[in-house]
Participant: 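First the structure, which I've put down as structure tokens, then a few questions once you've had a look.
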Amino acid sequence: MADSKREIERKYEATAETRLPDLSRVAGVSAVAHRGVSELDAVYYDTEDLRLVAGSLTLRRRTGGSDAGWHLKFPVASGIRDEFQEPLSDTLPPSLAGLLRSRVRMSELVPVVRLRTARDVHHLLDAEGALLAEVSIDTARAERLTGGSGTAAWTEIEVELADDGDPALLDAVERRLRKAGVHPSASPSKLARALAETAPERKRKRDKGARGKAGQPTAGDHVLAYIRHQTEAIVALDPAVRRDLPDSVHQMRVATRRLRSALRTYRKILDRSVTDPVGDELKWLAAELGIDRDQEVLDARLRSGLAGLPRTLILGPVRSRLRIWSVARRGGSRHRTVAVLDGKRYLVLLESLDALLAAPPLLPAASHAPEQALPRAVLKEYERLAARVGHALELRPGHDRDLAMHDARKAAKRARYAAEAARPALGKPAKRIAKRMKAVQTLLGDHQDSVVARDALRTLAVQAHAAGEPAFTWGLLYGREEAAAAARERELPQVWERASQPRVRAALEG
């Protein structure tokens, strides 16, 4: 994986005549060291339709300076980006290509802007000579390489916080700059400014004058907004999954399930003949992500159960066996997850989602008011959940009830997601139902996690016994999981009674 760091910086407007004020008077700064001028030459890459720019990403190949090489930056917050670096090479390094795949897909990356910068660097140092921040006066010259042949030139001041620096320093430096008449830049990045200022004149005028008349949002508008949000979440989470960031697989899987649920729930608004094939592919993706996520959840549950036992009840090499078992299963699932994200089937799915949003297959009900069309869809999911919970409560404890509760859990998710999707239009009634459905889902989810954990514990006990190790601890954990499942089953009637109160439904029925 490429080297990475968090970049925290601010940019300010300047001119060729701009001079830095005395920044040694900033609190915490003891000295300002001039490091000279360096010449930087960077070529920025994007797709023909500028997908990276649309996502506020930048990819460049830069020579000159102390960090020549390939640089890829992801937005985190205003003025904060995660930067990934690879050494200079003629082609894009595979590690960076992977992080971009969900956006670039099967398109080609082409040079879009060349930016040559004369950077006059100053270091802000503390009393011990340690770097606090780097302040540079950048004289930039931009040349558009695709979509026109415009050029632009400007000067700006850039203040970048040192690694592990205190962001409060940036506020103090900004106050000093403002007193000197220097103000924040209107452009979020050099690339954004270069593209804006080198765009063909006709395009700039068209963009400036394009204004649509916003009408009253329809049911279709709300559903499409939700689908677009979940699609964007999948694309944005892809790099995090590849980097194995905490909870990233879970969040991506949730976005996938929410999206599929919306396509199924709002089938009176979107034509099923178009959305069902997309939904099938989303089901496939969620299942593939589940291999990694389910193992992650199972590992955490087994470790937690083991940590809760007194030492006197841990007999044999229990921890080492659990660790080896987990690593073997997680390693294989992790490799498979990345392979799925690199596969053509996944990329085609992303293209299908874009196509659906570009030309949505709206049905007549899509033109209705949200208050008319959306509640019916939510209530239908609620009725499905009610039937499944009722069926589960009729069964005796055992395998059949476990399966029925798992089916009810899936219905609870769909009811919750349906209410969440309707919340921007329906407000508090949808919020209330989503909250109650989440409570049901959480209880049923804990029950299902116990069922899965018991299967794993039985396997571990068999392996331990075959290796001549005591199986006592595994059996003890199995018994605890069995008791936890029984407790959830006893709690279900009360939780469901609260979730199914007449006023909850009446709030949606108006």
Side-chain angles (χ1 to χ4, degrees), residues 212-234 236 251 253-272 274-276 278-279 282 286 353 356-357 360-390 408-445 495-510:
K213 293 183 178 180
Q216 197 70 17
T218 64
D221 292 332
H222 280 280
V223 172
L224 289 174
Y226 184 80
I227 291 173
R228 181 173 291 104
H229 179 71
Q230 300 307 325
T231 299
E232 291 171 351
I234 293 172
Q251 293 300 326
R253 189 186 188 193
V254 167
T256 302
R257 283 178 160 174
R258 281 177 170 153
L259 187 48
R260 178 172 178 251
S261 179
L263 296 179
R264 297 176 66 187
T265 296
Y266 296 104
R267 58 184 61 185
K268 298 294 185 181
I269 291 174
L270 296 172
D271 188 349
R272 287 187 59 185
V274 176
T275 62
D276 278 359
V278 178
L282 289 168
L353 290 169
L356 188 151
L357 289 166
L362 298 174
L363 297 174
S367 62
H368 296 170
E371 297 80 5
Q372 178 184 355
L374 301 188
R376 289 199 295 266
V378 176
L379 288 173
K380 187 173 182 180
E381 298 298 344
Y382 175 88
E383 294 293 351
R384 177 183 285 104
L385 171 60
R388 293 190 181 183
V389 170
R409 177 196 185 189
K410 290 186 283 188
K413 282 185 180 181
R414 282 186 59 178
R416 174 190 169 188
Y417 294 159
E420 288 176 347
R423 181 179 171 184
L426 305 183
K428 288 184 179 180
K431 179 182 178 181
R432 186 177 299 117
I433 282 193
K435 183 178 179 180
R436 299 293 173 83
M437 297 304 100
K438 182 179 180 181
V440 176
Q441 176 193 334
T442 299
L443 182 145
L444 294 170
V495 172
W496 176 244
E497 181 180 3
R498 186 165 182 265
S500 59
Q501 289 176 354
R503 64 188 181 91
V504 176
R505 175 171 180 158
L508 272 183
E509 292 177 328

Participant: Once side-chain hydrogen bond (donor to acceptor under 3.5 Å, both in side chains) is applied, do any residues pair with Thr231, and if so which ones, sequence neighbours excluded?
Facilitator: none
Participant: I'd like to check the side-chain contact (heavy atoms from CB on, under 4.5 Å) partners of Leu363; sequence neighbours left out, ordered by chain and number.
Facilitator: Asp271
Participant: With sequence neighbours excluded, tell me which residues meet side-chain hydrogen bond (donor to acceptor under 3.5 Å, both in side chains) with Arg253.
Facilitator: Asp294
Participant: Once rounded to the nearest 0.5 Å, what's the spacing between atom CG of Leu385 and atom CG of Leu444?
Facilitator: 8.0 Å
Participant: For Tyr417 and Ser261, which heavy atoms make the closest approach, and how far apart are they?
Facilitator: CB-OG, 3.7 Å
Participant: Which pairs count as salt bridge (Lys or Arg N to Asp or Glu O under 4.0 Å) when at least one residue sits in residues 415-425, sequence neighbours excluded?
Facilitator: Arg258-Glu420, Arg416-Glu420
Participant: Nearest 0.5 Å please: distance from the CD atom of Gln230 over to the OG1 atom of Thr256.
Facilitator: 9.0 Å
Participant: Considering residues at least two apart in sequence or located in another chain, which fulfil the salt bridge (Lys or Arg N to Asp or Glu O under 4.0 Å) criterion with Arg376?
Facilitator: none
Participant: Of all heavy-atom pairs between Leu374 and His222, which one has the smallest distance, and what is that distance?
Facilitator: CD1-CB, 4.3 Å
Participant: So which atom in Ala412 and which in Met437 form the shortest heavy-atom distance, rounded to 0.1 Å?
Facilitator: O-CB, 4.0 Å
Participant: Return the set of residues passing side-chain hydrogen bond (donor to acceptor under 3.5 Å, both in side chains) with Glu381 (not counting sequence neighbours), or none when no residue passes.
Facilitator: Thr265, Arg384, Arg414
Participant: Determine the minimum heavy-atom distance between Ile433 and Ala419, stating which atoms define it.
Facilitator: CG2-CB, 3.9 Å
Participant: Keeping the roles fixed (side chain from Arg436, backbone from Arg498), state whether a donor-acceptor pair exists under 3.5 Å.
Facilitator: yes
Participant: To the nearest 0.5 Å, what is the distance between CZ (Arg228) and CG (Asp221)?
Facilitator: 9.5 Å
Participant: More than 12 heavy atoms of other residues, nucleotides or ligands under 6.0 Å from NZ of Lys413: yes or no?
Facilitator: yes
Participant: To the nearest 0.5 Å, what is the distance between CG (Asp276) and CZ (Arg260)?
Facilitator: 9.5 Å
Participant: Can you name the nearest heavy-atom pair linking Glu371 to Ala425, along with the distance?
Facilitator: OE2-O, 4.1 Å
Participant: Checking Thr275 now: which residues fulfil side-chain hydrogen bond (donor to acceptor under 3.5 Å, both in side chains) with it, not counting sequence neighbours?
Facilitator: none
Participant: Got Val495 and Thr442 here, is their nearest side-chain heavy-atom distance under 4.5 Å?
Facilitator: no
Participant: Just wondering, more than 12 heavy atoms not from His229 lying within 6.0 Å of its NE2?
Facilitator: no
Participant: To check you understand the geometry: which heavy-atom pair defines the closest contact between Ile234 and Ala255, and what is its length?
Facilitator: CG1-CB, 3.9 Å
Participant: Return the set of residues passing side-chain contact (heavy atoms from CB on, under 4.5 Å) with Ala236 (not counting sequence neighbours), or none when no residue passes.
Facilitator: Arg103
Participant: Taking salt bridge (Lys or Arg N to Asp or Glu O under 4.0 Å) as the test, write out the residues that go with Lys410, two or more places apart.
Facilitator: Asp407
Participant: Does the side chain of Ile227 come within less than 4.5 Å of Leu270's, by heavy atoms?
Facilitator: yes
